[in-house]
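By convention here, the first residue in the shown sequence is residue 1.
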Amino acid sequence: MDSTGTESSAGTVAEEDKAAVSLTKATPAPTTAEAPDIQSHDTFVIKKNLSLTAGEYVVSVAGPDGSEGEPVAYAREKRLSLRGQVTVYTDASRKSVLAAFKGRDHEVGYMYDVRDASGQSFGSFYEDAGASFLRRTWQVRQPGTMKLTGREHSRVAAFVRFVWEFVPYLEYVPFIWPYRFKYTESGKPLMTVTKKLGLHTRYVLEILAPDIDRRLAIAHTLALDALEVD
């Protein structure tokens, strides 16, 4: 207070400024998760759990025996929502964003940009429509590092998928046959995604190149499932 017993207006403004700063620090915006642990691993297990309203994906580091180890990522896709918009979090609390992808119109058809929590793009992927006629083929791009071509490894599985999509009403049902995608650059194998046969939808992601961004690889693997029924 001043000499007249009246509270100083300058002091009030200062206190309000401090309160505003404190509030800002208490409610930070979601940020990109620190991912050194993810980048140091080469094999992941992606499991999808279904509910009446959504599909939930849990990404775990694979154990030595191929079992699910420590969870490192989580995603939730609402049913009947616009496909091609998926956010990947570091855990089920959904407070920290690991990556997100969303589709957009492009000259190649539909391009999916993968971004971090700040909106910065660090990769993309799209389905190669021409090459996918008999065997589904994807192009995965990591700027300045990798240009991967992913193709269904088995011609038999590709044929079964081709027939599946032309059977009435089955085009609305996820393809249940197990399959494997092999990703190469200049003929060199750098990554594989294998869909396992079982009661639950389950994928194994194996990365053979240390420079591949694990966030991009995980996002693309989730897209293979989330975009399966267009």
Side-chain angles (χ1 to χ4, degrees), residues 38 41-51 54-77 79 83-84 86 88 98-99 101 103 110 112 114 123 125-129 131-140 148-167 169-184 189-209 212-230:
I38 290 181
H41 292 285
D42 300 326
T43 308
F44 301 87
V45 177
I46 294 93
K47 186 177 180 181
K48 182 180 182 181
N49 300 311
L50 291 175
S51 67
E56 297 182 346
Y57 299 91
V58 179
V59 183
S60 305
V61 174
D65 60 351
S67 61
E68 300 165 36
E70 178 188 3
V72 293
Y74 172 90
R76 191 170 188 266
E77 180 203 17
R79 292 188 175 186
R83 290 187 175 273
V86 176
V88 187
L98 183 69
F101 67 84
Y110 221 45
Y112 296 88
V114 186
F125 53 84
Y126 65 90
E127 186 170 8
D128 189 331
S132 290
F133 182 69
L134 292 178
R135 282 198 293 172
R136 286 185 70 187
T137 302
W138 287 83
Q139 302 293 336
V140 181
L148 302 177
T149 298
R151 183 177 288 110
E152 280 181 293
H153 184 66
S154 171
R155 294 181 182 272
V156 174
F159 178 75
V160 173
R161 179 195 294 278
F162 179 81
V163 174
W164 181 283
E165 293 175 350
F166 281 91
V167 175
Y169 304 109
L170 278 183
E171 69 267 26
Y172 302 108
V173 178
F175 185 63
I176 61 175
W177 193 278
Y179 58 78
R180 182 174 184 236
F181 276 81
K182 184 178 180 180
Y183 295 78
T184 63
L190 298 180
M191 187 174 86
T192 62
V193 175
T194 305
K195 182 176 183 179
K196 299 293 186 178
L197 181 64
L199 296 177
H200 297 282
T201 301
R202 188 170 175 268
Y203 298 85
V204 175
L205 165 64
E206 292 185 89
I207 302 172
L208 308 176
I212 294 178
D213 193 319
R214 273 51 175 168
R215 299 171 300 169
L216 174 59
I218 289 172
H220 175 63
T221 303
L222 294 178
L224 289 177
D225 186 88
L227 304 175
E228 197 167 272
V229 180
D230 297 321

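Pairing each heavy atom of S67 with each of R202, the nearest pair is CA-NH2, 4.4 Å. In plain terms, the two heavy atoms of V88 and A75 that are nearest each other are CA-CB, 4.3 Å. Here the closest heavy-atom approach between residue P189 and residue K182 is recorded as CB-CE, 3.8 Å. Of all non-hydrogen atoms in T43 and V204, the two that sit nearest each other are CG2-CG1, 4.0 Å. In terms of heavy-atom proximity, R215 sits nearest to A99 at CB-CB, 4.3 Å. The minimum heavy-atom distance linking L98 with V72 is given by the pair CD2-O, 4.5 Å.
Judged as a side chain to side chain donor-acceptor pair (under 3.5 Å), and not counting sequence neighbours, T192 has no contacts.
Atom CG of residue L222 and atom CD1 of residue I46 lie 6.5 Å apart, to the nearest 0.5 angstrom. Here the CD1 atom belonging to I218 is positioned 4.5 Å from the CZ atom belonging to F44, to the nearest 0.5 angstrom. Here I38 contributes atom CD1 and I207 contributes atom CD1; the two are 10.0 Å apart, rounded to the nearest 0.5 Å. Between atom CE of residue M191 and atom OG1 of residue T221 there is a gap of 5.5 Å, rounded to the nearest 0.5 Å. We find the OH-OG1 distance between Y57 and T201 to be 7.5 Å, quoted to the nearest 0.5 Å. Atoms CG and NE2, from L205 and H220 in turn, are 9.5 Å apart once rounded to the nearest 0.5 Å.
Residues L208 and Y183 have side chains not in contact (no heavy-atom distance under 4.5 Å, counting atoms from C-beta outward). Side-chain contact between E127 and Y110 is absent, with no heavy atoms from C-beta onward closer than 4.5 Å.
Side-chain contact of Q139 with T149: a donor-acceptor pair under 3.5 Å is present, judged by distance alone.
Classification of the Y112-F125 ring pair by plane angle, with boundaries at 30° and 60°, yields parallel.
A donor-acceptor contact shorter than 3.5 Å links the side chain of R135 to the backbone of E152.
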